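Remarks on the structure that follows.
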4 protein chains.
Amino acid sequence: MPRVSQSYLDSRRRQIMDAAITCFARRGFDQATIQDIVAETGLSAGAIYRYFPSKEDIVAAIAAERHAAEAAALAEWRAGDDVAEALRRLVGVSLGRLADPAEQRWRRVTVQVWGEALHNDRVMSIVRGGLDEPLQILAELFRQGQRDRRLPQQLDPDGAARVCASIFQGLVLQQAWEPGLDVQAYINAVLTLVDALAPTASRGDLRRTRPPRQACRD
Amino acid sequence: MPRVSQSYLDSRRRQIMDAAITCFARRGFDQATIQDIVAETGLSAGAIYRYFPSKEDIVAAIAAERHAAEAAALAEWRAGDDVAEALRRLVGVSLGRLADPAEQRWRRVTVQVWGEALHNDRVMSIVRGGLDEPLQILAELFRQGQRDRRLPQQLDPDGAARVCASIFQGLVLQQAWEPGLDVQAYINAVLTLVDALAPTASRGDLRRTRPPRQACRD
Amino acid sequence: MPRVSQSYLDSRRRQIMDAAITCFARRGFDQATIQDIVAETGLSAGAIYRYFPSKEDIVAAIAAERHAAEAAALAEWRAGDDVAEALRRLVGVSLGRLADPAEQRWRRVTVQVWGEALHNDRVMSIVRGGLDEPLQILAELFRQGQRDRRLPQQLDPDGAARVCASIFQGLVLQQAWEPGLDVQAYINAVLTLVDALAPTASRGDLRRTRPPRQACRD
Amino acid sequence: MPRVSQSYLDSRRRQIMDAAITCFARRGFDQATIQDIVAETGLSAGAIYRYFPSKEDIVAAIAAERHAAEAAALAEWRAGDDVAEALRRLVGVSLGRLADPAEQRWRRVTVQVWGEALHNDRVMSIVRGGLDEPLQILAELFRQGQRDRRLPQQLDPDGAARVCASIFQGLVLQQAWEPGLDVQAYINAVLTLVDALAPTASRGDLRRTRPPRQACRD
DNA sequence: AATGAATGAGCTTTCATTCAT
DNA sequence: TATGAATGAAAGCTCATTCAT
């Protein structure tokens, strides 16, 4: 029988996580201290420990939240019939969102999470969980594209899925380092790649004619 | 033990850096302690500090060394006349090297360096120095390819350069997480992308033969 | 244990300073360790650092407190009209206080402070602040005595002020070395000097009776 | 059978002590490091330890040397028949020497020695040895002056001796803090005090007539 | 439920001293 | 003899965590 409402508890937890994200973005997980978070929240050290059993749990909660957000973004995106169109929508969903300057704090924390995962099993399983599912979805998309003769038969679907992940991860990293980076130029380059890989009639009219790529020339 | 040779001094420094890389790969910069490095080297704490003024300097030296190694790999690679050929060689030089399982320690440290750069100006300038030059070289390569009509005119050269960087960074990251990752599949996917972007008659020969994932249905 | 009163905080700070004075008196500033103070207080190392940002700050706080105590003693003393009387009262105020055996700890610390001032600007400014003001007051007293024709005209007021400071400092030093030193003999000698310098009819009454060291041979 | 001459050994020892004095004057005994002395001498750490068994021995040697120098200065001074004249010569010998700006390094080290003596028995016995002998000589001088009726009978000879020591010590201290201090003003003040205590016919002609101090007026 | 003073293990770094060369 | 690289105990200080209030 709680003495305070659940929403009160939730908002405290949210407040702590927000402050922690700010602190972790600023100084990294290890260099940010509980006192930093205390200062950022305006709460007391004791209060923090009422909501999280340890600093590591805050880190894990943040990593998990990030994972959930990405999963939600992906869930929103539906593969659809046309591969090229699906990839273009994916670019919009995943990369377009990164263009938001307000996400800079998140990008910095994400890069920290990557490193943390390497020596923190809990974070690693969160990170891997957040990567493996998209990889499978993407690989399946590429396989479907090949079945539909919309993609080169020699394209390795699993490798290509990982390349897609890299294109996302690299942008996160480069933007974390350089917040002013030209995201649109990056997105355009990716779209050109998609076009090259899966040409469509309704696009590419400005391009010189090229032999259809999907015929097996070997 | 005084008046030792320069090579003796160099080998001690190397010994410390090697031990530090091992420790940092294992636990991250902040969680690895000087005592860990002491245990790993077999030297004393005092000896470490004869070669490096602080733990942070060891981190910086490692980041700088990594940067130098990548700059050397890039210097080895020459853009050459043909864009497609140049890109394929670049894939071999930059990604092929990552396939070496012995590099796993390095990959893990590299990911740590990325995070460290975010709150360590010294490391950041090393990292940025190691990124900006390749980006310019790649962008120029793409511009040249466009002048040669070997690449789509609408390809954004700067964005494309960053995508290349991402393809490298993402593989480093994913391999750090999953050492057994199929690098060849990744490389093949990238080569297929290169083919799609800059088609050649003589393409595909750099792709190693692998068991056909699907029969050629054409 | 939170939300404690200000007096609680003050008493903790006092406790730490007292312990530190004991430790510093025993082993000097540099050889006394934080662990010594921890042992002396019964607090933990962390608790010390809640009240003082560094060991040096404890030293500075102690030097400042000493300075404040002496300034208070001086403020209590008022120069008054008659030079000889004023000097005699000064002797009582400044030297008499030193006779207290409980002050031994303070004398030892004071000597440490003198040395510390030589390579610690913060301590030096405290020490200089505690010396310059008394020197000016004393010099003015001597000048007034000369205007009143109660002191030799050729007496250098500034030099004499410094001699007075020396008479104080030397007693602190010699007592620090030799706690059983005969302070009364010292004071008597100083009073005789004062008499010689500024003769009065009613002098000598402040001198405590002691067994005659030699019969009055006149 | 030494491999090198004694004078070579002596000069090395001298060189180390000079460097140590410089370092100790600069940073104090505890904060000056053996490495500081190594840098100041140009010798190696090992070489230092060939001439002194420990850092503490260097401190002790310096304290002892200082003591010997003061003893020599005192030995040079002979009490003589006339008290007033003897005291005036003493002022010249002991205080006049301090006026030398080159002695600043020594003054700073002396103040450090005072503090060191408080927790270093070896240094304490050197310091006490250097103080007790002069105190006895001075006390005897004052007693002689009283027998000669040249000094007030009520002057406490032991106390007065300590006051003389203070006048010396205080000047050392104040000059250590303030190298530009007006030593001559200080000396003049002391000489005026001596005159007041032991008036002479050949001096004081500018002074107003005062009742002879040596009569027992009580 | 909230506070924040207290804890104390453990961190990085220093430095007097040693001894193989 | 002289060197200076190596040692390692111990220093000052930090900070995640606890718990009396």
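Source: prediction; values computed, not measured. Chain naming here is simple, since letters A, B, ... match the order of the sequence lines and numbering starts at 1 in each.
- Between the CD atom of C:E56 and the C1' atom of F:dC13 there is a distance of 14 Å, given to the nearest Å.
- Looking at the side chain of B:R12, the nearest of the listed nucleotides E:dT13, F:dA6, E:dA6 is F:dA6.
- At least one donor-acceptor pair under 3.5 Å links the side chain of C:Q104 to the backbone N or O of C:A176.
- For C:A45, the side-chain atoms get nearest to F:dC13 when compared with the rest of F:dA5, F:dC13, E:dA2.
- Contacts of D:F52 with the nucleic acid, taken as non-hydrogen atoms under 4.0 Å apart, are absent.
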- Task: Give the dot-bracket string for DNA chain E, reading 5' to 3', where a pair is Watson-Crick or G-U wobble with both distances under 3.5 Å, ( ) marks pairs inside the strand, [ ] marks pairs crossing earlier ones, | marks a partner on another strand, and . marks unpaired.
- Result: .||||||||||||||||||||
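- Whole-Å rounding puts the C:Y49 OH to F:dC13 P distance at 3 Å.
- Among the heavy atoms of the strands lying under 4.0 Å from B:I34 is at least one base atom, whether or not backbone atoms are also near.
- Side chain of D:E40 to main chain of D:A20: no donor-acceptor pair is present (N/O by atom type, distance under 3.5 Å, no hydrogens or angles).
- Residue contacts for C:I48: at a heavy-atom cut-off of 4.0 Å it reaches no nucleic acid atom on any strand shown.
- Considering only side-chain atoms of B:R50, the nucleotide from F:dA6, E:dA2, E:dA5 that sits closest is F:dA6.
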- Task: Determine, stepwise, if the pair A:Q112 / B:Q112 fulfils side-chain contact (heavy atoms from CB on, under 4.5 Å).
- Result: CA-CA 8 Å; A:Q112 311 281 353; B:Q112 311 281 353; over 6 Å; no
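- Here F:dA5 presents its P atom at 10 Å from CD of D:Q35, a figure rounded to the nearest Å.
- As a whole-Å value, the separation of D:D30 CG from E:dC15 P is 11 Å.
- Nearest nucleotide to the side chain of B:Y8, out of F:dC15, F:dA5, E:dA5: F:dA5.
- Going from atom NZ of D:K55 over to atom C1' of E:dT18 covers 17 Å, rounded to whole Å.
- Side-chain atoms of D:S44 lie closest to F:dA2 of the nucleotides F:dA2, F:dG12, E:dG8.
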